[in-house]
Participant: 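Got a structure for you, written out below as structure tokens; questions coming shortly.
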Amino acid sequence: MSVNIVADRGVGNAEGPAPGPARRRWRVSSALAWAAVTPFAAWAVARGAGLERDSLTTQLMTGTPYVAAGSLLPLLLAALARNRTATAVALITTVTLGLSVLPRAFRSAETVEGTPLKVLTINTLFGHAEPGAVMDLVRRLRPDVLSTQELTPGMVEKLDAAGLGEIMPYRVLEPEWSAGGSGLYARYPLTARKDLFEAIGHNMPAALMTVPGSRPIEIVDVHPFPPLGRQVYDWTAALDALPSADRDTIRILAGDFNASLDHAAMRRFLARGYLDAADGAGEGLTPTWPVNNRVPPLITIDHVVVDRRVGVETVSVHTVPGTDHRAVFADLRLPPP
């Protein structure tokens, strides 16, 4: 049997009292312990080494925070089995997964004195996000930059009718009647950057923005294909094609990356001089997708990514009716010129 209950009765002498009630000790078989430990250990190795390659393993990797929490169960089973080797492997697995996930819940970004810059990003789900709700966020949070994905020509018209043009008059838009449309809106002048990088997947407009009291900064609207089927190769190529941090340029990338911090491709991109703002602010475990009436948000794939010289004050996530993505807002500080 997998679980044994061992009865342990006291031993009395001929003249002593009768044995007391049995004490039950739970014992788990080593086979069950190893069956529980092995898949979690394999997951920890795959995540640490970035072994996801195909669509299925890439999608599964977004579940790492839940696997990290679940790894406590095989640790308990291994301890109950009194199998030292299994317990050691389970403990290493839990610690490894925990160290990859838990830091996102604690602030790590330094406070930087500089020019404030507020960035808001939202995937509008084929232009179905309620424009009134988007405008409520814009009026309440007062972003300097709004990065939009799945922006349709119809959504552009609705946002203008709701008053976005009056608040954020500058724009670099590439709308489409599909998931491919994207666009940048800003309070400050924008100049389109056409040759900054090769946009693989959906439209990813980039612009140079003039910010009073700061050097000009580059803004990139990010939206690669989701890693579904053979698109996983385009997704990887898109993240690899994003521009690296530049010593002479302050760059901010915001959008639906279709990637979490547990993806090797995303970590590889961040290692090129960037910080995920939510991670730095201790909000890196706040999920952004999916949002609907039946399923709560489960994974974090929408990001504001900043040059490591940029300070991160706060990051918050907001639900907008009509879209399956939550909006991400980051209050940043630009370094002095």
Side-chain angles (χ1 to χ4, degrees), residues 107-123 134-149 159 164-173 182-193 196-197 204-223 242-257 269-270 272-284 286 288 302-318 326-337:
R107 181 175 180 84
S108 60
E110 297 181 1
T111 300
V112 175
E113 295 293 333
T115 303
L117 184 76
K118 299 178 179 180
V119 179
L120 179 65
T121 180
I122 180 173
N123 182 316
V134 175
M135 290 306 303
D136 286 344
L137 270 184
V138 169
R139 292 190 177 97
R140 177 160 55 91
L141 300 175
R142 297 186 58 80
D144 300 299
V145 180
L146 172 63
S147 177
T148 61
Q149 302 85 52
L159 290 174
L164 184 59
E166 300 171 5
I167 299 175
M168 310 184 85
Y170 304 101
R171 58 189 62 189
V172 174
L173 307 181
S182 300
L184 294 168
Y185 294 85
R187 294 181 184 272
Y188 305 122
L190 293 175
T191 303
R193 294 292 309 272
L196 182 60
F197 68 102
M204 297 192 228
L208 189 69
M209 184 170 70
T210 303
V211 181
S214 175
R215 73 183 78 180
I217 63 170
E218 287 180 346
I219 306 292
V220 181
D221 187 341
V222 179
H223 192 202
L242 292 173
S244 300
D246 190 321
R247 183 182 63 181
D248 299 323
T249 304
I250 297 297
R251 185 176 297 119
I252 297 170
L253 304 95
D256 172 10
F257 284 71
F269 160 66
L270 292 172
R272 291 190 271 129
Y274 295 111
L275 170 71
D276 178 77
D279 184 23
E283 295 292 339
T286 304
T288 65
D302 301 88
H303 307 272
V304 175
V305 172
V306 301
D307 183 299
R308 288 191 174 273
R309 292 167 290 181
V310 173
V312 179
E313 290 293 308
T314 61
V315 172
S316 55
V317 176
H318 306 268
R326 302 173 81 187
V328 179
F329 172 75
D331 185 2
L332 310 173
R333 295 295 181 271
L334 300 176

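Treat the numbers as computed from the prediction; the structure is a model and nothing was measured.
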Participant: If you round to the nearest 0.5 Å, how far is CZ of Arg309 from CG of Leu275?
Facilitator: 13.0 Å

Participant: Specify the closest pair of heavy atoms between Glu313 and Thr111, including all atoms of both residues, with the distance to one decimal.
Facilitator: OE2-CG2, 3.6 Å

Participant: Rounded to the nearest 0.5 Å, how far does CZ of Arg326 lie from CG of Asn123?
Facilitator: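 So the CG of Asn123 and the CZ of Arg326 are separated by 14.5 Å.
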
Participant: Quick check for you: to the nearest 0.5 Å, what is the distance between Leu253 atom CG and Met204 atom CE?
Facilitator: 10.0 Å

Participant: Main chain of Thr314, side chain of Arg107: is a donor-acceptor contact present, judged purely on distance under 3.5 Å?
Facilitator: no

Participant: State the CZ-CG distance between Arg142 and Leu137, to the nearest 0.5 angstrom.
Facilitator: 14.0 Å

Participant: Testing the basics here: between Ala206 and Val172, what is the closest heavy-atom pair and its distance to 0.1 Å?
Facilitator: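 Answer, listing the atom of Ala206 first, then Val172: O-CG1, 4.3 Å.
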
Participant: Determine whether a donor-acceptor pair (N or O, by modelled atom type, separation under 3.5 Å) exists between the side chain of Arg215 and the backbone of Pro336.
Facilitator: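 Pair found, side chain donor or acceptor close to backbone of Pro336.
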
Participant: Hey, mind stepping through Val317 and Glu283 against side chain to side chain contact (heavy atoms under 4.5 Å, CB included) and telling me if it holds?
Facilitator: CA-CA 9 Å; Val317 176; Glu283 295 292 339; 5.9 Å; no

Participant: If you define the side chain from C-beta out and look only at heavy atoms, does anything of Leu117 sit under 4.5 Å from Ile252?
Facilitator: yes

Participant: Out of the candidates Thr121, Asp302, Asp256, only one should pair with Gln149 under the side chain to side chain donor-acceptor pair (under 3.5 Å) rule; please name it.
Facilitator: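 Checked Thr121, Asp302, Asp256 against Gln149; only one passes side chain to side chain donor-acceptor pair (under 3.5 Å): Thr121.
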
Participant: For Ala281 and Val315, work out which heavy atoms get closest and say how close.
Facilitator: CB-CG2, 3.9 Å

Participant: Grab the two heavy atoms, one from Ala330 and one from Ala277, that are nearest each other, plus how far apart they are.
Facilitator: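 Scanning both residues, the minimum pair turns out to be CB-CB, 4.3 Å.
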
Participant: Donor-acceptor pair, distance only, cut-off 3.5 Å: does the side chain of Arg308 make one with the backbone of Tyr274?
Facilitator: yes

Participant: Find out whether Thr148 and Val134 are in side-chain contact, i.e. whether some heavy atom of one side chain is under 4.5 Å from a heavy atom of the other.
Facilitator: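 When only atoms from C-beta onward are counted, Val134 and Thr148 do not touch, as no gap falls below 4.5 Å.
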
Participant: Using side-chain heavy atoms (C-beta onward) and a distance below 4.5 Å, is Ile250 in contact with Leu334?
Facilitator: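 The answer is yes, as the side chains (C-beta and beyond) meet within the 4.5 Å cut-off.
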
Participant: Is any side-chain heavy atom of Val222 closer than 4.5 Å to a side-chain heavy atom of Phe269?
Facilitator: no

Participant: Considering all heavy atoms of both residues, which atom of Pro212 and which atom of Thr115 are nearest to each other, and what is their separation?
Facilitator: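 Closest approach of Pro212 to Thr115: O-CG2, 3.6 Å.
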
Participant: Can you tell me if Asp221 uses its side chain to pair, donor with acceptor, with the backbone of Gly183 under 3.5 Å?
Facilitator: yes

Participant: Could you give me the CA-CA distance, side-chain angles and deciding distance for Leu332 and Val312, then say whether side chain to side chain contact (heavy atoms under 4.5 Å, CB included) is met?
Facilitator: CA-CA 5 Å; Leu332 310 173; Val312 179; 4.1 Å; yes

Participant: What are the two closest heavy atoms between Tyr188 and Thr210, and how far apart are they?
Facilitator: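 Tyr188 and Thr210 have their closest heavy atoms at CB-O, 3.0 Å.
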
Participant: Counting distance only, does the side-chain N/O of Ser147 pair as donor-acceptor with the main-chain N or O of Ala254 below 3.5 Å?
Facilitator: yes

Participant: I'd like to check Pro335 versus Val310 (side-chain heavy atoms, cut-off strictly below 4.5 Å). Are they in contact?
Facilitator: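 Side-chain contact under 4.5 Å: yes.
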
Participant: Given Glu218 and Asp246, is the side chain to side chain contact (heavy atoms under 4.5 Å, CB included) satisfied, shown in steps?
Facilitator: CA-CA 10 Å; Glu218 287 180 346; Asp246 190 321; over 6 Å; no

Participant: Any side-chain heavy atom of Val119 within less than 4.5 Å of one from Pro143?
Facilitator: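 The answer is no; the side chains never approach within 4.5 Å.
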
Participant: When you look at CZ of Arg272, are more than 12 heavy atoms from neighbouring residues, nucleotides or ligands closer to it than 6.0 Å?
Facilitator: yes

Participant: Measuring from Arg247:CZ to Asp307:CG, what's the distance to the nearest 0.5 Å?
Facilitator: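 Answer rounded to 0.5 Å: 12.5 Å.
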
Participant: Describe, in one word, how the ring planes of Phe329 and His318 are oriented to each other, choosing from parallel (under 30°), tilted (30 to 60°) and perpendicular (over 60°).
Facilitator: perpendicular

Participant: Run the salt-bridge test on Asp331 and Arg333 with the 4.0 Å N-O cut-off and return the result as yes or no.
Facilitator: yes

Participant: Rounded at 0.5 Å granularity, tell me how far CD1 in Ile122 sits from OG1 in Thr288.
Facilitator: 11.0 Å

Participant: Hey, does His303 have a side-chain heavy atom less than 4.5 Å from the side chain of Val328?
Facilitator: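 Not touching, per the 4.5 Å side-chain cut-off.
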
Participant: One pair to check against side chain to side chain contact (heavy atoms under 4.5 Å, CB included): Lys118 and Leu141. What are the steps and the verdict?
Facilitator: CA-CA 8 Å; Lys118 299 178 179 180; Leu141 300 175; over 6 Å; no

Participant: Closer than 3.5 angstrom, by distance alone: can the side chain of Tyr170 be matched with the main-chain N or O of Leu184 as a donor-acceptor pair?
Facilitator: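 Such a contact is absent between Tyr170 side chain and Leu184 backbone.
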
